[in-house]
Number of protein chains: 2
Amino acid sequence: MRMASPSRVGDARWRGALAVLEEMRREPGVTRAVVAQRLGLSSGSATEITARLRELALLSEAPAAASGRGRPTTVLGPHPEGPLVIAVDLRQEDWRCAVAALDGRPEIVEAGVHAGRGPEQVIGPIAQAVRRVHTRHGRRVRAVGVAVAATVQHGRVVQAATLGWDAVDLGALASDARLPLLIGNDATLAGVAEAREGAAAGAATALHVMIEVGVGGTLVVDGRPVSGATGAGGEFGHLPLGEPGLRCPCGATGCWDLAVDGRAIARHLGEPPPDDPRTYALAAIARTSADAATAAAVGRTAGSFGGGLAGLINALDPDVVTLGGLAQPLRAAATPEFEAALTGGLMRFRRADPPRVVAAVLGQDGALHGAALTALDHVLTEAGMNAWTAALRP
Amino acid sequence: MRMASPSRVGDARWRGALAVLEEMRREPGVTRAVVAQRLGLSSGSATEITARLRELALLSEAPAAASGRGRPTTVLGPHPEGPLVIAVDLRQEDWRCAVAALDGRPEIVEAGVHAGRGPEQVIGPIAQAVRRVHTRHGRRVRAVGVAVAATVQHGRVVQAATLGWDAVDLGALASDARLPLLIGNDATLAGVAEAREGAAAGAATALHVMIEVGVGGTLVVDGRPVSGATGAGGEFGHLPLGEPGLRCPCGATGCWDLAVDGRAIARHLGEPPPDDPRTYALAAIARTSADAATAAAVGRTAGSFGGGLAGLINALDPDVVTLGGLAQPLRAAATPEFEAALTGGLMRFRRADPPRVVAAVLGQDGALHGAALTALDHVLTEAGMNAWTAALRP
DNA sequence: CTGTATAAACTCGTCCATCGAGCATAAAGG
DNA sequence: CCTTTATGCTCGATGGACGAGTTTATACAG
């Protein structure tokens, strides 16, 4: 018998196997032959690794559709009895709970609406949903990933302005103490999902920027979010890129937040701050073609967005920028203003080859996907694999 | 015989050995026993690995000073015939060329002044210096790291405003085609050095901010700079955190650059832009105690710096911020204004536990250290080790 | 000065993921 | 039906790491 030891240099037991599983989840439906070729595995190693993974219920192989001569290969997929993760997306007005296998496609199994209620009344039902899913699948469930529209530090929610909550303990969502709970900001996790399997797939450095109420986002390098020391990185909305002196609810002044969302549009129109800036912004964007004053206000807001974004591009130098939430509608509603501000704000040497700025493609599901991905990251480690094999043979 | 193959999954030949070398260079003078304990190596593995590394001239062992009972261990150090890297620091007015062994301490061996000359006349002498060092040490030299006060994209200098140069090809510095050449921005490399062995040593996420003419810097995560897609990340000075509308030589407007260096101080004093903003700023800082108008101008500049820095902290969430170049003198000259702007610009939830903001400790040598570190990173890889063993046995 | 305690190095048999060469196999094409 | 081709499978070899047992170099106690 061998003791589990934390950071062995030489414990290469899972190296090849994890590489194969990573390939499988990065591209569900790859064939064994392609994976072996990409990883530089000999066919003997591929045979041994896949056999071991099948034995451990981590992988299933199905005959691949023949394409040309030669012995047909197999397509790799998650095992029907393999590990699962639970992904939860807790949004401003509702929540969703999904299950994902190792290929990382979350399948929504429960959902609910909670608009306006306090944390106790919201967390309870979600925890019950998680517990139901956990009970249904038993030990197959290995981790819970949670995306929440809130600021997260050290894995805890420290403030949730859009939800109207203060610091909240989401520990109850782990269903029982043994399930790892991975909590992340929704914009961060959506950025991770876009960078890995969305509009920025393949980019080594992707910047995701999302407007809802204020601006969130994240820089994603090699599939991992640059989340800083406490995990609260990506609060681009609280760079003072907005109107100097304007007081932000966050406590600072001049925040970019105030210059790019519905509050900015209302201010430019001389109206009071809207209760729901998101809905207000959508309504304003919808009537730009009919109303010149609104079009001007939206244009000015889009300009603030483009100018700040150019600064972020100067500072962070991404390959691709993905726009989530209202960012894409805002750009689309005032393309000339946005583009002028963006190009004008870029350093000259960047203008020849600026990064692509594209709409996010995962839409409302980005954060949920990201939660599943993060939970899977936790499972697909040496420690996670050891835990899984231990769970298989009790 | 074995072919070098690019990305073998299973080629774990160098895993343990590289881990030991990393420990040695992170903390020159560690003992073998401590390294083995940290890496979780059995004493047998430690014996085998160190023997192999000594045999390959990668490591030397010397008896450690005895401390208490028990068989004395050995201290690990670079081998006297082991691999070397050349580090070059090309600054605004002069350059330095250093040699470093695997412990990463650059020793300056040549230097020169070039103020005001064109690239051809500057690169030639540096290339000759590199060639002399290369000739002296022969195959022991494995790579050249270059820190340059310029914007670097894809390993090439694309603009060097402070040097008064346009895009320049530094390829000649590699001495001969077989030496890998690693070119980096000086502020970025200084940040790497501060994060690994300077004021931010030990921090997982460190932000380095350096004022000279404008602002440069880098975010360093786990010892690696977040340099973006093209390597030009860290241009924080071209976030529009400055005065809106003010035109920057970079082509954009409102750049932070213009609000924090000597140009800002001059502007606040109603003077024309100085030819040498660095010297101007130093002079102004020196006379703040005597001249109230200058003190006010410096204070306003320090406030712009503190406010922008707070935004960067909000967005990037570092553990530690290191201040390089004029940043520390500026802060010291107007601490109340700086601190007020910094604290006022932080999001409220960050104020309870803000990151430490400390002076860089490597001073003028930061970039040179960073260049050596980067070159060593290139050597201390599987490929670098294979090349070294190939060079040993011709 | 000698014996004991202690910590670390060394020895050696074992393990195991991977390699690589050769063989077996399942299609497509003639 | 036989050949071609790409792939999977088998099996001995390799080599880094492990771990238990042994040796060695020092400090300390008497």
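Letters go in sequence order (proteins before strands), and every chain restarts at 1.
Side-chain contact between Leu373(B) and Glu197(B) is present, with heavy atoms from C-beta onward closer than 4.5 Å.
Of the candidate nucleotides dA8(C), dA24(C), dA17(C), dA8(C) has the atom lying nearest to any side-chain atom of Thr73(B). Among the nucleotides dT4(D), dA17(C), dC19(C), the one closest to the side chain of Arg69(A) is dT4(D). Side chain of Ser45(B), nearest nucleotide from dT18(C), dC18(D), dT7(D): dC18(D). Listed nucleotides: dC9(D), dC19(C), dA25(D). Nearest to the side chain of Thr47(A): dC9(D).
Rounded to whole Å, atom C1' of dC15(C) lies 9 Å from atom CZ of Arg13(A). Computed from coordinates, the Glu48(A) CD to dC15(C) C1' distance equals 13 Å when rounded to whole Å. The separation between Arg15(A) atom CZ and dA17(D) atom C1' is 13 Å, rounded to whole Å. We find that CD of Glu382(B) is positioned 15 Å from P of dG15(D), with the value rounded to whole Å. Atom CD of Glu61(B) and atom C1' of dA25(D) are 15 Å apart (whole Å). Rounded to whole Å, atom C1' of dC9(D) lies 11 Å from atom CZ of Arg54(A). Regarding Leu18(B), its CG atom lies at a distance of 15 Å from the C1' atom of dA17(D), rounded to whole Å. Straight-line distance from the CG atom of Leu53(B) to the P atom of dA9(C): 15 Å, rounded to whole Å.
Taking for each of Ser67(A) and Ser43(A) the nucleotide of DNA chain C with the nearest heavy atom, the 5'-most of the two is the partner of Ser43(A). Judged by closest nucleotide on DNA chain C, Arg52(A) is the one of Arg52(A) and Pro72(A) placed further toward the 5' end. Comparing Thr74(A) and Gly70(A), the nucleotide of DNA chain D nearest to each residue sits closer to the 5' end for Gly70(A).
Here the closest heavy-atom approach between residue Arg38(B) and residue Glu27(B) is recorded as NH2-OE1, 2.8 Å.
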Carefully, step by step, assess Val20(A) and Leu41(A) under the rule side chain to side chain contact (heavy atoms under 4.5 Å, CB included). CA-CA 10 Å; Val20(A) 168; Leu41(A) 282 170; 4.0 Å; yes
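Panel note: side chain Glu61(A), backbone Thr50(A); no donor-acceptor pair is recorded below 3.5 Å.
In this structure, Gly68(A) reaches the sugar-phosphate backbone alone: every heavy-atom distance under 4.0 Å involves primed, P, OP1 or OP2 atoms, never a base.
Side-chain nitrogen and oxygen atoms of Arg32(A) include at least one within less than 4.0 Å of the OP1 or OP2 phosphate oxygen of dC9(D).
Taking the charged nitrogens against the carboxylate oxygens, Arg25(B) and Asp377(B) do have a contact shorter than 4.0 Å, which makes a salt bridge.
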